[in-house]
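A short worksheet on the structure shown next.
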Amino acid sequence: MIRKIRGGFLLLAFAAVLVSCAGRPVYATEPSQDDAAASGESGETDSEEELTPEEALKKELDTVYQMEVQSNSWKNWPEGTGTYGEAAIVMDAGTGAILYAKNIDAHHYPASITKVLTTLVALQNGSLADPVSFSHESVAFLKPDESSIGMKEGNQLTLEQALYATLLASANEVAYAVGENVGTASGHDYTWFIEEMNRVCKELGGENSNFVNTNGLHDPNHYTCARDMALIGRELFKYPEFFTIAQTPQYTIPASGTTEEHVFQQHHQMLIPNESEYYPYAIGGKTGYTSDALSTLITMADNGNMQLVCVVLKTHGVNVYPDTRNLLEYVFQNFQKVSVADNETSEDVEEILEEENSGYVMLPSGISFEDLKMELIPDEGTGKEATLNYYYEDRLLGSARAKVSDSYIENHSAQVKDISGEKAETEKEGKGLVSVAILAAAVVLLLILILLFIRVIRKRKQRRRRRRRRRR
């Protein structure tokens, strides 16, 4: 749906600059629509020369496309494409390495990509066979133009069916019911589920999000950023159920004693074969749209070698899929997954251990393994194993688990002994000072007792003298 935006283009450009610089969304007052088609935008200009809607749209798109891509200023980093989204990120799913960055911490409205976090929290706290019942609250809030599959109060689904409706059909009432029922089954309520969404986001490293509902319908206090959504997407790689659901082109909820039949289709066009936007490496994701958020999209991709998460936020025009494709291709063509075991030569490392999502770095073209700085963090206890983190400048590009060498253990143990010796000497000196203080206190106490004793003796002598005088 194409919505005209009132006001001059200068206001639009100014708002875009405010978003990218201040990192906060520009709050509009128009009503929201969830998961409408990504739209182009037109407007009028207050300048002396009137722009046609096409000219205004082109000018607006050019402004957004030319926003700074921060990763392009990183030393020796491959030049990345611009986007028609005001924020975008590509993250390696295994290491968490950020490979492309455009305003990744700026606050934006997520719209329905909120539902990937709803799904994550539901999978963490529920079972696919759990019942999901629809209360009055779960359906009463819906407006006629908001995405729904038409569930009614009293209907009941399984959590599995509800997650299909949440991810594929983007059903807002179902997302609400998921939060409400998982919260209740956990001994709490819908509010607890929202709190859990925020807790999980923070636990994953997200610092610029605040979620107030499970579906992404517009609320001024419901916002996120590209980095936080990528961290959520990265975590979902641990849940194969998510990808089973997300890759389904069409799903049917059969009629039952509690609900009628519902049939709905996949909305993410990069996941639908024979669609013009189909992308063979896309393996999961979620669409989103409101008039305030514009088009948002999260996409997981796997080319058989790399697993990536791409997030684009506040995309202008009908560019959400081309932007995503261009970003994923940028990474596939300009980065390589390099084994740590094949390249690490440090005498501190005896062996690289095989562990999931570890043991490799994501190297940009033009940067070699030797250009990386390795940080060795020994495990607590015996110190025989360690985590190796690899940085280029101040950016983490990968990590590995390793068994440290005997020479490292000897050197490390010597340092520990030195520290222990210094500590023992310090403690010895401290104990000596305490002993002196105790001795001094004892001497003072003894002197006080002696003085008291002398005073008592004198008083007794004085009493005896008085008695003798009286007898005389």
Side-chain angles (χ1 to χ4, degrees), residues 71 74-77 89 91-99 101 104-105 124 199-207 227-228 230-239 305-309 335-364 367-431:
S71 54
W74 297 349
K75 182 179 178 182
N76 297 327
W77 211 257
I89 190 172
M91 178 182 287
D92 174 59
T95 63
I98 296 171
L99 310 176
I104 63 175
D105 293 317
Q124 289 176 337
R199 186 195 67 78
V200 168
C201 181
K202 287 184 174 61
E203 186 178 73
L204 295 175
E207 298 179 351
R227 186 201 299 263
D228 291 5
L231 290 169
I232 293 164
R234 179 191 179 202
E235 185 69 11
L236 278 165
F237 274 86
K238 299 177 181 178
Y239 296 86
N305 182 40
M306 300 181 198
Q307 292 182 327
L308 307 175
V309 183
F335 293 80
Q336 57 178 328
K337 190 174 178 179
V338 175
S339 167
V340 171
D342 294 341
N343 290 275
E344 184 54 71
T345 59
S346 171
E347 294 181 355
D348 292 336
V349 178
E350 178 179 317
E351 178 187 0
I352 300 297
L353 304 175
E354 292 186 9
E355 290 194 9
E356 190 176 3
N357 296 327
S358 179
Y360 69 93
V361 295
M362 296 294 293
L363 280 186
I367 296 175
S368 66
F369 189 86
E370 290 71 25
D371 295 325
L372 306 184
K373 178 182 178 181
M374 187 263 281
E375 176 188 39
L376 190 153
I377 305 175
D379 293 352
E380 294 183 2
T382 61
K384 293 181 179 180
E385 294 184 2
T387 296
L388 312 179
N389 290 327
Y390 292 87
Y391 294 87
Y392 180 73
E393 301 291 317
D394 58 347
R395 284 171 289 283
L396 179 69
L397 296 189
S399 62
R401 291 287 299 161
K403 182 178 179 182
V404 297
S405 64
D406 291 339
S407 61
Y408 174 83
I409 294 174
E410 289 175 5
N411 293 335
H412 186 67
S413 299
Q415 292 174 5
V416 171
K417 288 177 182 177
D418 289 342
I419 294 172
S420 300
E422 291 176 5
K423 183 177 179 182
E425 187 64 29
T426 301
E427 290 177 352
K428 184 177 179 181
E429 292 176 1
K431 289 178 180 178

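Residues A386 and V404 come closest through the heavy atom pair CB-CG1, 3.7 Å. Shortest non-hydrogen contact noted between M91 and R234 is SD-CD, 4.2 Å. Residues S399 and N389 approach most closely at CB-OD1, 3.3 Å, considering heavy atoms. Smallest separation of non-hydrogen atoms from S358 and A400: OG-CA, 3.1 Å. Minimum heavy-atom separation, L308 to F237: O-CZ, 3.9 Å. When every heavy atom of L363 is checked against every heavy atom of F369, the shortest pair comes out as CD1-N, 3.6 Å.
With rounding to the nearest 0.5 Å, the separation of NZ in K373 from CZ in R395 is 13.5 Å. Expressed to the nearest 0.5 Å, how far CZ of R401 lies from CD1 of I377 amounts to 10.0 Å. To the nearest 0.5 Å, the span separating CD1 on I98 from CD1 on I104 amounts to 4.0 Å. Summarising the geometry, atom CD belonging to E350 is positioned 13.5 Å from atom CD belonging to E344; distances are rounded to the nearest 0.5 Å. If you take CG on L396 and CE on M362, they are separated by 12.0 Å, rounding to the nearest 0.5 Å. Distance check: D406 CG to D348 CG gives 11.5 Å after rounding to the nearest 0.5 Å.
Residues I232 and L204 meet the side-chain proximity criterion, which asks for heavy atoms closer than 4.5 Å. Inter-residue side-chain proximity for V340 and M374 is flagged as unmet; no heavy-atom pair is nearer than 4.5 Å. No side-chain heavy atom of L236 sits less than 4.5 Å from a side-chain heavy atom of V309. In this structure, the side chains of E207 and R227 stay at 4.5 Å or more apart for every pair of heavy atoms. In this structure, the side chains of V349 and Y408 stay at 4.5 Å or more apart for every pair of heavy atoms.
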Legend entry - CA sep, side-chain torsions, deciding dist, call: W74, Y392, side chain to side chain contact (heavy atoms under 4.5 Å, CB included): CA-CA 10 Å; W74 297 349; Y392 180 73; over 6 Å; no
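When each of L372, T95, D371, N343 is tested with Y390 by the rule side chain to side chain contact (heavy atoms under 4.5 Å, CB included), just one qualifies, namely L372.
Distance alone, capped at 3.5 Å, is enough to place a donor-acceptor pair between the S71 side chain and the A101 backbone.
Y360 and D92 share a side-chain donor-acceptor pair at under 3.5 Å.
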